[in-house]
Amino acid sequence: MEKIIDENKQGESLILEQKEDNKRKLFIESYGCAMNFSDSEIVASIMANQGFNTTQKLEEADLVLVNTCSIRDKAEQTIRKRLEKYNAVKRAHNPKMKVGVLGCMAERLKTKFLEEEKIVDLVVGPDAYKDLPNLLAEVDEGRDAINVILSKEETYGDISPVRLNTNGVTAFVSITRGCDNMCTFCVVPFTRGRERSRDPQSIIEEVNDLWHKGFKEITLLGQNVDSYLWYGGGLKKDFGKASDIQKASSVNFSKLLELCAKAQPKMRIRFSTSNPQDLTLDVIETMAKYNNICNHIHLPVQSGSDRILKEMNRLHTRKEYMNLIDNIRQIIPNCAISQDMIVGFPTETEDDFQDTVSLMNYVKYNFGYMFTYSERPGTMAERKMEDDVPEEVKKRRLQDIVDLQREHSEIKTKEHLDTIVEVLIEKESKKSKLQWSGRTPQNIVAVFPKAHYKIGDFVNVKVTDCTSATLIGEAIGLSDNN
Ligand code: SAH
Ligand code: F3S
């Protein structure tokens with residue numbers, strides 16, 4: 001706790017300190033996607049209203065909450081190890097400590113944690129955080145507590161998040177929850193429920209509030225942002241039943257982007273994630289129209305093979321994806337594009353894999369996230385298909401595309417040599433205390449000597465060198481955006 005010392009009001013400050021010390025301590029940790037990190041800020045806000053302060057020290061926590069990820073088996077294993085650690089600390093230092101599991105694993109495993117494993121006191125699914133005060137009261141009385149009910153409404157639009165571990169410059173703003181896509185490999189529709197969009201008014205208010213607090217860049221978050229659709233609330237799939245007035249005044253993603261870009265013309269705007277089937281020309285044109293919308297699209301494709309795309313229930317073909325890439329490049333020539341790719345999906349042959357390789361060669365992504373297929377219980381792929389690609393084949397294919405991506409990243413990064421890029425300074429470089437680290441609009445990390453600049457400045461950087469993923473340069477002045 002920071003000490004509040006005011007010579008003239010010592011009595012008052014002492015009372016303040018006392019109150020602060022009476023507060024219980026929350027240790028909150030997040031794993032997985034950006035949405036989880038964003039949700040943890042909602043949770044911290046709810047818990048602050050319950051008299052909790054966050055702490056970075058596990059040993060002193062009264063309550064430990066871990067926001068969990070189920071996307072791959074490995075993610076769940078990591079969290080199980082953390083749960084063991086919390087319980088070890090609890091035994092050694094703090095027997096009264098309570099442990100709660102939030103997020104996708106809570107939703108997927110439900111009562112299993114409480115009944116079979118007995119290593120947690122509290123289980124709360126992604127749509128039930130508003131119930132935390134009630135659940136906590138149960139726990140305080142010595143009972144286990146659980147709420148894993150998924151919602152049909154956007155759940156947290158009215159909550160102002162407490163920014164955790166913030167650099168004060170970049171922030172996430174969630175715009176949709178859930179996903180209706182049912183990709184056959186993916187557990188998210190089961191753990192996060194149906195797709196719902198958040199009221200644009202509350203999104204804009206959050207963006208304005210962030211700007212006034214000094215933030216310079218936001219990332220609009222959703223599992224599939226391009227299918228954002230506000231018509232007064234409710235599930236995306238029920239839009240057909242909306243009245244004509246609701247339909248006429250509805251806001252889709254390109255309109256929302258425009259609203260955000262106009263609300264704060266100096267705020268950098270990013271968004272993630274785009275699903276190729278829903279990314280419209282309108283969105284690309286809106287990006288081109290507004291300087292403050294960053295020229296980067298994260299556009300997961302998962303596979304380059306039409307047959308595998310179909311088995312994955314990705315609702316587009318290889319050709320359609322390539323057309324989309326062509327359109328992006330035509331409308332925004334310097335747009336960075338990144339990917340997610342899965343290798344070793346059931347039945348994937350060497351030919352299918354080569355289709356992925358050739359698609360990567362066609363697009364030459366700036367960067368990407370690549371995974372071996374991990375079978376998830378309850379998904380269509382798990383129920384209908386055999387996980388038949390041997391582990392060593394999966395690993396070899398993964399290594400092949402990781403290597404290929406590194407080559408492409410290097411080509412793309414080198415294109416910036418001897419040019420001037422705009423960098424928003426976010427933090428000190430991990431490698432040197434003398435350097436700042438920030439990102440370009442294309443989401444490429446750039447490092448350069450600190451000189452007289454500070455965190456939150458937009459600076460023009462002359463690129464003099466690079467690695468495959470990082471630009472190295474020298475600041476030549478503040479950019480016009482300050
Ligand atoms: N639309 C989401 C996707 C969430 S999952 C988003 O906002 O990012 C992130 C990535 O994990 C997916 O794009 C996919 O490449 C990978 N993934 C999902 N399920 C997987 C599985 N069962 N095995 C391996 N990788 C998986
Ligand atoms: Fe998962 Fe596909 Fe949705 S990857 S999050 S079901 S778009």
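All ligand and atom numbering here is 1-based and tracks the order in the structure. Only a predicted model underlies this, so the values are computations on that prediction, with no experimental measurement involved.
When non-hydrogen atoms are compared, ligand 1 lies under 4.0 Å from the side chain of Gln302 (C-beta onward) but not from its backbone. Within the 4.0 Å heavy-atom criterion, the part of Arg376 lying near ligand 1 is the side chain and not the backbone. At a heavy-atom cutoff of 4.0 Å, ligand 1 is contacted by both the backbone and the side chain of Ile71. At a 4.0 Å heavy-atom cut-off, ligand 1 touches Thr372 through the backbone alone. By the criterion of a heavy-atom distance under 4.0 Å, both the backbone and the side chain of Phe185 are placed next to ligand 1.
Near Phe185, meaning under 4.0 Å from one of its heavy atoms, ligand 2 places the atoms 4 (S). Atom numbering of ligand 2 starts at 1 in the shown order; those under 4.0 Å from a heavy atom of Val188 are 5 (S). Each of the atoms 7 (O) of ligand 1 lies under 4.0 Å from some heavy atom of Gly222. Against a heavy-atom cut-off of under 4.0 Å, Pro189 is close to the following atoms of ligand 2: 6 (S).
Heavy-atom minimum distance, Ser151 versus Asp127: N-OD2, 2.8 Å.
Between the side chains of Glu195 and Ser227, a donor-acceptor pair is found at a separation under 3.5 Å. Judged by distance alone, the side chains of Ser272 and His298 never bring a donor and an acceptor atom under 3.5 Å apart. Residues Asn252 and Ser254 bring a donor and an acceptor atom of their side chains to less than 3.5 Å of each other. The closest side-chain donor-acceptor pair between Ser409 and Ser468, if any, does not fall under 3.5 angstrom. Side chains of Ser45 and Arg163: no donor on one and acceptor on the other come within 3.5 Å.
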Check: What do the steps show when you test Asp226 against Ser274 for side chain to side chain donor-acceptor pair (under 3.5 Å), and what is the final call?
Finding: CA-CA 6 Å; Asp226 299 272; Ser274 290; 2.7 Å; yes
Next item on the list: Please report the C-alpha distance between Phe185 and Tyr373 in whole Å, then the side-chain angles of each, then the deciding distance to 0.1 Å, and finally whether the ring pair (Phe, Tyr, Trp, His ring centres under 6.0 Å) criterion is met.
Entry: CA-CA 8 Å; Phe185 53 81; Tyr373 171 69; 7.4 Å; no
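Looking only at protein heavy atoms, the nearest one to atom 2 (Fe) of ligand 2 is Cys183 SG, 2.3 Å. Taking atom 17 (N) of ligand 1 as the reference point, the nearest protein heavy-atom neighbour is Arg72 NH1, 3.4 Å. Of all protein heavy atoms, the one closest to atom 6 (C) of ligand 1 is Thr273 OG1, 3.1 Å. The shortest contact between atom 23 (N) of ligand 1 and any protein heavy atom is with Ser374 N, 3.0 Å. Summary of contacts: the protein heavy atom closest to atom 13 (O) of ligand 1 is Asp340 OD2, 2.6 Å. Distance from atom 3 (C) of ligand 1 to its nearest protein heavy atom, with residue and atom name: Gln223 OE1, 4.1 Å.
Inclusion of Cys186 in the first shell of atom 1 (Fe) of ligand 2 is supported: an N, O or S atom falls under 2.8 Å.
The closest approach between any non-hydrogen atom of Arg314 and ligand 2 is below 4.0 Å. Ligand 1 lies out of reach of Ser272, whose nearest heavy atom is not under 4.0 Å from it. Using 4.0 Å as the threshold, Asn275 has a heavy atom nearer than that to some atom of ligand 2.
The nearest non-hydrogen atom to atom 3 (Fe) of ligand 2, considering only Cys179, Pro300, Gly222, Pro276, comes from Cys179.
Looking at Arg108 and Val187, their side chains come closer than 4.5 Å, going by heavy atoms from C-beta outward.
Of the possible polar contacts, none joining the Arg318 side chain to the Ser305 backbone as a donor-acceptor pair under 3.5 Å is found. Side-chain atoms of Asn292 come within 3.5 Å of backbone atoms of Ala261 as a donor-acceptor pair (strictly under, hydrogens ignored).
Close placement of the Phe367 and His296 rings is indicated, their centers lying within 6.0 Å of each other.
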